[in-house]
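As structure tokens, the structure follows; a few thoughts come after it.
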Amino acid sequence: YMSVINYGRSDFSAPEKVYDRRHGRNVTLSAADQVRLYCHYFMRAYLTEECHGLSLIKDWLHAKALHAGGMMTMVDIGCGPATGGIALAMTFADAECQTTYIGIDISLEMRKIGSALLDKATGGAVKARFASSLSDITMGDRPVWGDEQGVIIFHIAHFFECINGSQAQEAAQHIKAIVANAPQG
């Protein structure tokens, strides 16, 4: 099964056939099954990694958010099952910050499961939106989430492992344009 999900580098969009040694036959894994396998094998480790990283900058980020009206927006590029959003919510659960999470992933199944997991983990306390690309959250180069985003965190933890150099350059240019056109406070 690890070869089917390609250690998290799959697009998780289409059914895949795989030989099941336990049953001695080929089986078809739906995109949702592939996402569940990904969550089973990788999510706990990635969540721990994300929480640790955020804990290292929590005080600094909290001060920045308070200066920006107590608001934070995480734009999670290659969001998978919303691991970054769950880590952000867990890290700032005791803080007086309003958190918005924007998860971007090409896989509809990742977005569906990410939305459900984020909602379950936060009890709906995090305002969330999911999209399939950066273009879906901008009008031109202006972010569509409004002027009240507070501190914007671009989260790209494992995204660059899954794309080539020209895709990385295109994503970086898009992020740069969004930042340049975002309201400054």
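Every value quoted in this text rests on a predicted model; they were computed, and no experiment measured them.
Across Leu118 and Ala128, no two heavy atoms sit closer than the pair CD2-CB, 3.6 Å. The two residues Ala32 and Ile113 make their nearest non-hydrogen contact at O-CD1, 4.1 Å. Listed here is the closest heavy atom pair of Ser13 and Ala31: C-CB, 3.9 Å. For Arg111 against Ala131, the heavy-atom pair with the smallest separation is CD-O, 3.2 Å. Of all heavy-atom pairs spanning Ser135 and His174, the tightest one is OG-CE1, 3.7 Å. Taking each heavy atom of Gly84 and His155 in turn, the nearest pair found is CA-CE1, 4.0 Å.
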Would you sort out whether Thr83 and Phe42 count as a side-chain contact (heavy atoms from CB on, under 4.5 Å), showing the intermediate values? CA-CA 10 Å; Thr83 312; Phe42 296 106; over 6 Å; no

Is there a side-chain contact (heavy atoms from CB on, under 4.5 Å) between Leu54 and Lys58? Walk through the geometry before answering. CA-CA 6 Å; Leu54 285 168; Lys58 180 182 179 182; over 6 Å; no

Does the pair Leu117 and Cys39 meet the rule for a side-chain contact (heavy atoms from CB on, under 4.5 Å), with working shown? CA-CA 10 Å; Leu117 290 173; Cys39 290; 4.2 Å; yes

Could you walk me through whether Leu88 and Asp76 pass side-chain contact (heavy atoms from CB on, under 4.5 Å), step by step? CA-CA 11 Å; Leu88 185 71; Asp76 192 358; over 6 Å; no

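Residue pairs meeting the side-chain hydrogen bond (donor to acceptor under 3.5 Å, both in side chains) criterion with at least one partner in residues 112-123, sequence neighbours excluded, are absent.
From Glu16, atom CD reaches atom OG1 of Thr28 across 9.5 Å, with rounding to the nearest 0.5 Å. Expressed to the nearest 0.5 Å, how far CE of Met90 lies from CD of Glu50 amounts to 11.5 Å. Rounding to the nearest 0.5 Å places CD1 of Ile152 at 11.0 Å from CE of Met71. Note: Met72 CE to Thr100 OG1 = 10.0 Å, rounded to the nearest 0.5 Å. Atom CZ of Phe154 and atom CG of Leu134 lie 7.0 Å apart (nearest 0.5 Å). Atom CD1 of Ile86 is separated from atom SG of Cys51 by 9.0 Å, given to the nearest 0.5 angstrom.
Here the side chain of Asp20 pairs no donor or acceptor atom with the backbone of Arg25 at under 3.5 angstrom.
Met110 has its side chain within reach of Pro81: a pair of non-hydrogen atoms, C-beta onward, lies under 4.5 Å apart. Side chains of Glu109 and Asp33 form no contact here, defined as non-hydrogen atoms less than 4.5 Å apart.
Ring-plane geometry between Phe12 and Tyr38 is classed as perpendicular, the angle between the planes exceeding 60 degrees on a 0 to 90 degree scale with a lower cut at 30.
Under a hydrophobic clustering in which Ile, Leu, Val, Met, Phe, Trp and Tyr are joined whenever their side-chain heavy atoms come within less than 4.5 Å, directly or via other members, Val18 and Leu37 fall into the same cluster. One hydrophobic cluster, built from ILVMFWY side chains closer than 4.5 Å, cannot hold both Ile106 and Ile77; they sit in different ones. There is a path of hydrophobic side-chain contacts, each under 4.5 Å, that joins Ile153 to Trp60.
One finds no salt bridge joining Arg129 and Asp136 here, because no Lys/Arg side-chain nitrogen approaches an Asp/Glu carboxylate oxygen to under 4.0 Å.
Contacts of Glu49 classified as side chain to side chain donor-acceptor pair (under 3.5 Å), with partners at least two apart in sequence or in another chain: His158. In this structure, the ring pair (Phe, Tyr, Trp, His ring centres under 6.0 Å) partners of Phe130, at least two apart in sequence or on a different chain, are Tyr101.
The number of heavy-atom neighbours closer than 6.0 Å to NZ of Lys64, taken from other residues, nucleotides and ligands shown, is 12 or below.
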